Amino acid sequence: MQSEPGYGSVVRICDAGPRAPSVLAVPYAGGSAQSFFAWKPLLEGRVSLWALELPGRGRCFGQPMPPSLVALAQGLAHTLHAHGVQPDLVFGHSLGALISFELLRAMRAQGRGLPAAALMTGRIAPSKPTAFGLPRFTRGDLIDYLRDLGGTPDSVLHNDAVIDMMLPVLQGDLELIASHEHRSAAPLDLDLAVAGGFDDRRVPMDGLLAWQQAFSGDFSLHMFPGGHFFIEEDRPAVAELLCGLAGRAALRSEAA
């Protein structure tokens, strides 16, 4: 019997040693594992950070994106297992949160060990309308979408060569979100922390609170100044939250 394919890859951002808490980070739409190297100075020596490299970018450039977000998550679960990565905490922002959720479900379905906790940021719960806040997929609409989200420098938005490289990846990622259909299932048995930006119009408070329906562990909500990319605008504060959650998750993993 042929095994299901793996997708993407994993990149080690920093290694704090075998006894340190371990975190798996999942990039947002249009992002890559490279996005998390900016976090290294804040996390080094405190947690071991791995980042998923999704198909079509970075070291997985040229690898086709699977036909659905669920298929992607199933393949990512195989990839994690093949690399021997078993984190204490999974962290995903925006699309990364949705991928993280489906990845956790795929890991459970495949009989893999689950992390003790998850941190989901900048994304409404999967039970909410998935395409909420997504743009149309014309070039102009996608550029306006990036400008509205913040986090992309004007120098990039006005550079046609860079935009031509970015937009196909971004469009493919957003199409994954738009085509995703939520399926009811038993709650995931792990702790959940959710975070949002006070000024993020695309992620309302009720969308953040609805995440707790999908998890059976302890739930906490954390709000930060800023818009959709508050994780970059207030990176040191978010890093402190991440380290605290990862430390508690590691203790829970040891006690299990």
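Values reported hereafter were calculated over all heavy atoms of this structure, with side chains retained and with hydrogens, waters and symmetry mates removed. Given the structure is predicted, the values throughout are model-derived calculations rather than measurements.
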Hey, does the side chain of D88 reach the backbone of P115 with a donor-acceptor pair shorter than 3.5 angstrom?
no
Side-chain donor or acceptor of Q212 paired with backbone N/O of L209 under 3.5 Å
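Checking the backbone N and O of L209 against the side chain of Q212, a donor-acceptor pair under 3.5 Å is found.
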Please give me the minimum heavy-atom distance between [X] and [Y], naming the atom from each residue.
| X | Y | answer |
| --- | --- | --- |
| F230 | G122 | CE2-N, 4.1 Å |
| A77 | R112 | O-NE, 4.3 Å |
| L176 | S68 | CD2-C, 3.6 Å |
| A246 | V23 | CB-CG2, 3.7 Å |
| F101 | P126 | CD2-CG, 3.4 Å |
| S48 | A20 | OG-CB, 4.3 Å |

Please determine whether residues [X] and [Y] belong to a single hydrophobic cluster, defined as Ile, Leu, Val, Met, Phe, Trp and Tyr linked transitively by side-chain heavy-atom distances below 4.5 Å.
| X | Y | result |
| --- | --- | --- |
| L221 | L192 | yes |
| M65 | I177 | yes |
| M120 | V238 | no |
| V26 | I13 | no |
| I99 | V11 | no |

[atom2] on [Y] to [atom1] on [X], rounded to 0.5 Å:
| X | Y | atom1 | atom2 | answer |
| --- | --- | --- | --- | --- |
| F224 | R235 | CZ | CZ | 13.5 Å |
| T79 | E53 | OG1 | CD | 11.5 Å |
| D218 | R252 | CG | CZ | 7.0 Å |
| D206 | I124 | CG | CD1 | 8.5 Å |
| R123 | S100 | CZ | OG | 12.0 Å |
| L190 | F215 | CG | CZ | 5.5 Å |

Could you check L245 against D191 for side chain to side chain contact (heavy atoms under 4.5 Å, CB included), going step by step and ending with a plain yes or no?
CA-CA 9 Å; L245 293 170; D191 295 340; over 6 Å; no
Tell me, yes or no, whether the heavy-atom count around H81 atom NE2, taken from other residues, nucleotides or ligands under 6.0 Å, exceeds 12.
no
Could you check if a side-chain atom of [X] sits within less than 4.5 angstrom of a side-chain atom of [Y], using non-hydrogen atoms only?
| X | Y | answer |
| --- | --- | --- |
| P187 | Q213 | no |
| D189 | L114 | no |
| H78 | Y7 | no |
| V194 | F219 | yes |
| L119 | V90 | no |
| P27 | L54 | yes |
| L80 | Q86 | no |
| L89 | P21 | no |

Test side-chain contact (heavy atoms from CB on, under 4.5 Å), reference L208, set H222, K128, M223, output is M223
Quick one: do L95 and L69 satisfy side chain to side chain contact (heavy atoms under 4.5 Å, CB included)? Show the steps, please.
CA-CA 10 Å; L95 168 64; L69 200 149; 4.0 Å; yes
By the salt bridge (Lys or Arg N to Asp or Glu O under 4.0 Å) test, which pairs, at least two apart or in different chains, include something from residues 15-26?
R12-D15
Under 4.0 Å between a Lys/Arg side-chain N and an Asp/Glu carboxylate O for R46 and E240?
yes
Exercise answer: donor-acceptor pairs, residues 33-42 side-chain atoms, under 3.5 Å, sequence neighbours excluded:
{"from": "S35", "atom 1": "OG", "to": "S32", "atom 2": "N", "distance (Å)": "3.2"}
{"from": "S35", "atom 1": "OG", "to": "S32", "atom 2": "O", "distance (Å)": "2.9"}

Is the closest side-chain donor-acceptor distance between H93 and T121 under 3.5 Å?
yes
Carefully, step by step, assess L242 and V47 under the rule side chain to side chain contact (heavy atoms under 4.5 Å, CB included).
CA-CA 9 Å; L242 181 65; V47 302; 5.6 Å; no
Show, in sequence, the C-alpha distance, side-chain angles and deciding distance for H228 and S94, and conclude whether the side-chain hydrogen bond (donor to acceptor under 3.5 Å, both in side chains) test is met.
CA-CA 8 Å; H228 188 68; S94 196; 3.0 Å; yes
